[in-house]
Amino acid sequence: MEVLRRSSVFAAEVMEVFDRSPTDKELVSQAKALCRDYINSRLIRAGVSWSKPEHNTPVPGGKLAEVSTILLRLGDELEYIRPNVYRNIARQLNISLHSETVVTDAFLAVAAQIFTAGITWGKVVSLYAVAAGLAVDCVRHAQPAMVHTIVDCLGEFVRKTLVAWLRRRGGWADITKCVVNTDPSLRSHWLVAAVCSFGHFLKAIFFVLLPER
């Protein structure tokens with residue numbers, strides 16, 4: 001089954017980006033590479049085929065691959081505690097997936113609401129879960145080209161809203177600090193902050209004013 005592959009940007013992680021302060025451009029490129037990887041994982045899990053895969057394969061290992069693994073792990077946690085929130089995104093927003101403008105506007109509206117009260121890693125993971133959920137909807141409704149639109153849209157949102165925050169933390173590798181070893185019966189400390197972000201996310205899903213399409 002052909003699925004969305006990680007981009008050449010992801011493959012270029014062997015550069016010494018993580019050994020110095022990343023530039024804004026690098027942070028955005030990494031954000032988009034992580035988004036492609038997250039979407040790829042969710043398409044595979046949903047059993048949805050991808051008709052136009054990219055030809056560049058990822059380089060195994062490396063810091064960005066580690067970040068991607070952790071991002072997916074945290075995403076699994078969010079989706080576990082709110083299984084219905086990140087599914088059927090288009091239906092929840094009552095939008096058509098045939099218009100790039102509609103999909104872009106809807107995603108940006110939700111993203112803006114998620115971060116209304118500030119930025120946390122939990123909210124960043126929520127953003128990726130929304131992007132992946134919407135991408136799965138697009139592929140299922142025969143709109144695979146919209147996946148690239150969603151990735152580009154997330155990259156633009158990161159550039160405008162999250163880059164400064166990411167730079168202060170030294171880049172995407174800071175997310176690795178969210179994972180702690182603890183008793184299996186307890187949630188990692190990052191989850192507490194993530195749960196607090198759900199009020200903003202749910203507000204976006206159910207109350208953001210989008211034209212009915």
Side-chain angles (χ1 to χ4, degrees), residues 6-39 62-75 77-78 85-86 89 101 103-135 147-180 188-205 208:
R6 300 167 183 159
S7 71
S8 57
V9 174
F10 196 95
E13 66 174 2
V14 291
M15 296 170 58
E16 69 281 4
V17 172
F18 289 95
D19 294 328
R20 56 177 170 77
S21 296
T23 66
D24 291 2
K25 184 176 180 180
E26 287 168 343
L27 290 171
V28 173
S29 294
Q30 290 161 4
K32 293 171 69 174
L34 291 168
C35 187
R36 292 185 189 98
D37 202 44
Y38 199 109
I39 289 173
K63 194 65 176 180
L64 193 58
E66 179 185 353
V67 169
S68 181
T69 297
I70 291 173
L71 182 63
L72 286 165
R73 174 179 170 184
L74 298 180
E77 288 287 323
L78 283 183
V85 170
Y86 300 104
I89 301 292
T101 299
V103 171
T104 297
D105 288 349
F107 179 76
L108 290 175
V110 173
Q113 286 293 324
I114 291 174
F115 294 96
T116 297
I119 305 171
T120 67
W121 277 119
K123 294 179 183 181
V124 172
V125 177
S126 277
L127 179 68
Y128 276 78
V130 172
L134 190 56
V147 175
H148 298 298
T149 298
I150 293 168
V151 171
D152 289 341
C153 194
L154 181 141
E156 185 63 11
F157 182 83
V158 168
R159 185 185 70 81
K160 291 182 177 179
T161 308
L162 303 183
V163 156
W165 182 84
L166 286 165
R167 196 190 317 113
R168 288 196 300 270
R169 282 155 181 76
W172 287 97
D174 186 70
I175 197 174
T176 61
K177 299 175 184 177
C178 293
V179 180
V180 294
S188 299
H189 73 274
W190 78 273
L191 193 56
V192 176
V195 169
C196 293
S197 75
F198 271 113
H200 300 287
F201 177 72
L202 293 174
K203 177 182 177 183
I205 286 291
V208 69

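- A distance of 4.0 Å separates CG of Leu134 from CD1 of Ile150, quoted to the nearest 0.5 Å.
- Atom OG1 in Thr104 sits 10.5 Å away from atom CD in Glu156 (nearest 0.5 Å).
- Remark: His148 NE2 to Cys153 SG distance equals 14.5 Å, nearest 0.5 Å.
- Across Gly75 and Tyr38, no two heavy atoms sit closer than the pair CA-OH, 3.2 Å.
- Contact record, Gly133 with Ile89: C-CG1, 3.9 Å, taken as the closest heavy-atom pair.
- Residue Thr149 holds its OG1 atom at 12.5 Å from CG of Leu154, rounded to the nearest 0.5 Å.
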Next item on the list: Under the salt bridge (charged side-chain N to carboxylate O under 4.0 Å, His left out) rule, what do Asp24 and Arg159 come out as? Steps first, then yes or no, please.
Entry: CA-CA 7 Å; Asp24 291 2; Arg159 185 185 70 81; over 6 Å; no
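- In this structure, Leu166 and Val124 have side chains that are not in contact, with every pair of non-hydrogen atoms separated by 4.5 Å or more.
- Residues Tyr128 and Leu72 fail the side-chain proximity criterion, which asks for heavy atoms closer than 4.5 Å.
- What you find for Pro22 and Leu27 is that their closest heavy atoms are CG-CD2, 3.6 Å.
- Contact detail for Ala33 and Leu64: the closest heavy-atom pair is CB-CD2, 4.4 Å.
- Considering all non-hydrogen atoms of both residues, Asp174 and Arg169 come closest at CB-O, 3.5 Å.
- Of the possible polar contacts, one joining the Thr116 side chain to the Gln113 backbone as a donor-acceptor pair under 3.5 Å is found.
- Using a 30° and 60° split on the angle between ring planes, Trp165 and Trp121 fall in the perpendicular class, above 60°.
- For the pair Ile119 and Thr161, the tightest heavy-atom approach, listed with the atom from each and the gap, is CD1-O, 3.7 Å.
- Going from atom CD of Gln30 over to atom OG1 of Thr23 covers 8.0 Å, rounded to the nearest 0.5 Å.
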Next item on the list: Test Phe157 against Phe107 for ring pair (Phe, Tyr, Trp, His ring centres under 6.0 Å), laying out the working first.
Entry: CA-CA 10 Å; Phe157 182 83; Phe107 179 76; 7.3 Å; no
